[in-house]
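A short write-up of the structure that comes next.
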Amino acid sequence: MRSWAIFFARVILGLIFGMAGYWKCFVLTPMAHAQGFFVEAYADTWIPVWMLWTSGLLVPVVELIAGWLLVVGWRTRESLLALGFVLVLVTYGHLLAQPLYVFIEHVIPRLALLLFVMLMPSDEDQFSVDGWLRTRKRTRTEA
């Protein structure tokens, strides 16, 4: 059952980020995301404009790639780390704009899923490309 729990948590987290990244990349566009959600929103803060543009352009791409990698379970650790950094960045931004930002709807569910998958032994994630590759590698080593 632990493998199924990891599978469901990983896939749901991947879908949340993957679909957000898809929308930000292909519907909104990374330029519009950067301008509206980063540059305009934080222009009056300490953050330099170049950093706002860079972050605003990268977040959608990271969400898209890392989210869909989580769905299939390939490069899971790297994807979890990338999305963890996205959560830290987004959390800081929300707190900078609104010090009493409510995390219950956005950050906490994503963080809970991310930490759950991150803390589970990777060998238990059997229903993933990473798991298949581990099994394949063990089979070759034993042969």
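- Closest heavy-atom contact between Ser128 and Asp125: OG-O, 3.0 Å.
- Taken from CG in Leu119 to CD1 in Ile6, the straight-line distance is 10.5 Å, to the nearest 0.5 Å.
- Tracing side-chain contacts under 4.5 Å through hydrophobic residues (I, L, V, M, F, W, Y), one reaches Leu111 starting from Leu70; they form part of the same cluster.
- Under the 4.5 Å side-chain heavy-atom criterion for Ile, Leu, Val, Met, Phe, Trp and Tyr, Val90 and Leu15 are members of distinct hydrophobic clusters.
- Across every non-hydrogen atom of Arg10 and Val71, the tightest pair is NH1-O, 3.1 Å.
- Counting only distance, with no hydrogens or angles, the side chain of Trp68 and the backbone of Gly18 share a donor-acceptor pair below 3.5 Å.
- Side-chain contact between Phe17 and Leu64 is absent, with no heavy atoms from C-beta onward closer than 4.5 Å.
- Follow the hydrophobic side-chain contacts under 4.5 Å out from Ile108 and you never reach Val102; the two are in separate clusters.
- We find that Asp123 and Arg134 are joined by a salt bridge, their nearest charged nitrogen and carboxylate oxygen being less than 4.0 Å apart.
- You'll find the side chain of Tyr92 stays beyond 4.5 Å of the side chain of Leu87, heavy atoms only.
- In the displayed structure, Tyr22 atom OH is contacted under 6.0 Å by at most 12 heavy atoms of other residues, nucleotides or ligands.
- The heavy-atom pair separating Arg77 from Ser122 by the smallest distance is NH2-OG, 3.5 Å.
- Trp74 is not connected to Ile12 by any chain of hydrophobic side-chain contacts under 4.5 Å among Ile, Leu, Val, Met, Phe, Trp and Tyr, and they are in different clusters.
- Formation of a donor-acceptor pair under 3.5 Å by the Ser55 side chain with backbone atoms of Leu52 is not found in this model.
- Val117 and Phe8 sit in two unconnected hydrophobic clusters of ILVMFWY residues. Membership requires side-chain heavy atoms under 4.5 Å apart, directly or through other members.
- Heavy atoms of other residues, nucleotides or ligands lying less than 6.0 angstrom from CD1 of Ile104 number 12 at most.
- Nearest heavy-atom pair across Leu89 and Val59 is CD2-CG2, 3.6 Å.
- Using a 4.5 Å heavy-atom threshold, the side chains of Ile47 and Leu96 count as touching.
- Within 6.0 Å of CZ in Phe103 there are more than 12 heavy atoms belonging to other residues, nucleotides or ligands.
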For the pair Ile16 and Leu113, evaluate side chain to side chain contact (heavy atoms under 4.5 Å, CB included) and give the outcome as yes or no after the intermediate values.
CA-CA 10 Å; Ile16 290 168; Leu113 289 169; 4.2 Å; yes
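- Between Gly84 and Leu114, the shortest heavy-atom contact is N-CD1, 3.6 Å.
- Within the 4.5 Å cutoff, no side-chain heavy atoms of Cys25 are placed close to those of Glu63.
- A 4.5 Å side-chain heavy-atom check between Leu69 and Glu78 finds every atom pair outside the cut-off.
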Verify side chain to side chain contact (heavy atoms under 4.5 Å, CB included) between Lys24 and Thr29, making sure each step is shown before the conclusion.
CA-CA 5 Å; Lys24 291 172 187 174; Thr29 76; over 6 Å; no
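- For the pair Leu83 and Ala66, the tightest heavy-atom approach, listed with the atom from each and the gap, is CG-CB, 3.7 Å.
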Stepwise side chain to side chain contact (heavy atoms under 4.5 Å, CB included) test for Phe37 and Leu28:
CA-CA 11 Å; Phe37 291 97; Leu28 181 64; 3.6 Å; yes
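- Using cut-offs of 30° and 60° on the angle between ring planes, the pair Trp4 and Phe7 is perpendicular.
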Could you go through the side chain to side chain contact (heavy atoms under 4.5 Å, CB included) check for Phe127 and Val11 one step at a time?
CA-CA 10 Å; Phe127 309 121; Val11 170; over 6 Å; no
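- Other residues, nucleotides and ligands contribute over 12 non-hydrogen atoms within 6.0 Å of the CD atom of Gln98.
- No donor-acceptor pair closer than 3.5 Å links the side chain of Tyr101 to the backbone N or O of Thr91.
- Put simply, CE on Met120 and OG1 on Thr76 are 14.0 Å apart, with the number rounded to the nearest 0.5 Å.
- Here the two rings, on Phe38 and Trp53, have centers that are 6.0 Å apart or farther.
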